[in-house]
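Just follow the structure's listing: the first ligand is 1, and inside any ligand the first atom is 1. Fair warning: this is a prediction, and the values are worked out from it, not measured in the lab. Starting from 1, each residue takes its place in the sequence as its number.
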Amino acid sequence: MSTLPPMVITAAMVGAETTRAQTPHLPITADEIGEAAAKCREAGAAMVHIHARTADGAPSQDTELFRAAIRAIRARCDILVQVSTGGAVGMSVDERCGPLKLTGADRPDMATLSTGTVNFGDDVFWNPRPLVRDIATRIKALGLKPEIECFDAGMIDEARALAKEGFITLPAHFDFVLGVGGALGATTEALDFMRSYLPAGSTWTCAAMGRHQLPFVELSAERGGNARVGLEDNIYLAKGVLGRNDELVAEAARRAQAKGRTLATPQQARELLRLT
Ligand code: KMH
Ligand code: ZN
């Protein structure tokens, strides 16, 4: 058995870019998101990373859509809920921070924080330094720990700067987002550099895009990291075979366990990632 810690599997179930035209399995309504989360939990995920959609499937960071989704998830299972503050390209900072208005029983468990601007396919995911500090301030005010989304290596340096300025605390939790068009590629070298470059004591997850998603679960498992899978980043279970979120989680769980890793429960994930 591995001496490595239990692996936290995060299911990025919705995203902002994946469409129903691409896959019929994309959850859109609160009930669909709640059902999908419960199935992902059963399959081995400890956390979901969520975006929200309007009834017609358009990406939205509306507070009430997130509230309904979080309630639907928590009515069904104990999975941790991480909300996106990235939203979709082109959204304003206030729009992106809609889910950070949720307090009390509806407060999420975690929120993402992208720490730099990056090409995002043919678009640009804008994260100028003042905007990053604005979102970090709102996450901190809500008492949440951010997941630092790193689409490129400089975003780790920016996390160091944010810590120095008091916007976040170290050690932090990072997500290496590898394989976005125009950003850092999904290669073993990139993964190994990113983890070698982290501030001491940090935890990390890897989210690799498209066909890289499941193989990178194995690389993360071998290296003691955590993994993110789901329809936000990849719609295929195998070449040409569309998968549901829970099927992607089950396959990730199978691959992690084959590498000797156990799977973290939500409570273990809370402790491993040092959530408040
Ligand atoms: N949809 C991307 C432009 C996040 O969730 O924090 C940004 C994104 C990052 O998905
Ligand atoms: Zn996202």
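Not one N or O of Ser114 is nearer than 3.5 Å to an N or O of ligand 1, by distance alone. Residue Glu232 has at least one N or O atom closer than 3.5 Å to an N or O atom of ligand 1. Between Phe151 and ligand 1, a contact under 3.5 Å exists for no N or O pair.
Heavy atoms of Gly87 come nearer than 4.0 angstrom to ligand 1 in at least one pair.
Among protein heavy atoms, atom 7 (C) of ligand 1 sits closest to Phe125 CZ, 3.6 Å. Looking only at heavy atoms of the protein, atom 9 (C) of ligand 1 is closest to Gly86 CA, 4.0 Å. In terms of protein heavy-atom proximity, atom 5 (O) of ligand 1 is nearest to Ser84 OG, 2.7 Å. Scanning the protein heavy atoms around atom 6 (O) of ligand 1, the nearest turns out to be Thr112 OG1, 2.7 Å.
A donor-acceptor contact closer than 3.5 angstrom is absent between the side chains of His49 and Ser84.
The angle His51:NE2 - the Zn ion (ligand 2) - Glu232:OE2 amounts to 100°, with values rounded to 10 degrees.
Looking at Glu218 and Lys259, no side-chain N of the basic residue comes within less than 4.0 Å of a carboxylate O on the acidic one, giving no salt bridge. For Arg138 and Asp94, the salt-bridge test passes: some basic side-chain N is under 4.0 Å from an acidic carboxylate O. Salt bridge Asp109/Arg74: present, at least one basic N to carboxylate O contact under 4.0 Å.
Atoms of ligand 1 lying under 4.0 Å from any heavy atom of Glu17, numbered from 1 in the order shown and given with element: 1 (N), 2 (C), 3 (C).
Here the straight-line distance linking atom OG1 of Thr85 with atom CD of Glu149 works out to 8.0 Å at 0.5 Å rounding.
Note: Phe176 and Trp204 have parallel aromatic rings, judged against thresholds of 30 and 60 degrees for the angle between ring planes.
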For a quick test of your reading: what N or O donor-acceptor pairs under 3.5 Å do the side chains of residues 28-40 make, sequence neighbours left out?
unit_1	atom_1	unit_2	atom_2	d
Thr29	OG1	Glu32	N	3.1
Asp31	OD1	Arg76	NH2	3.4
Glu32	OE1	Arg20	NH2	2.9
Glu32	OE1	Ile28	N	2.8
Glu32	OE1	Thr29	N	3.0
Glu32	OE2	Arg20	NH2	3.4
Glu35	OE2	Arg76	NE	2.7
Glu35	OE2	Arg76	NH2	3.4

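Here Asp56 pairs with Thr54 under the side-chain hydrogen bond (donor to acceptor under 3.5 Å, both in side chains) rule; sequence neighbours left out.
Metal site remark for the Zn ion (ligand 2): Glu149 contributes no N, O or S atom at a distance under 2.8 Å.
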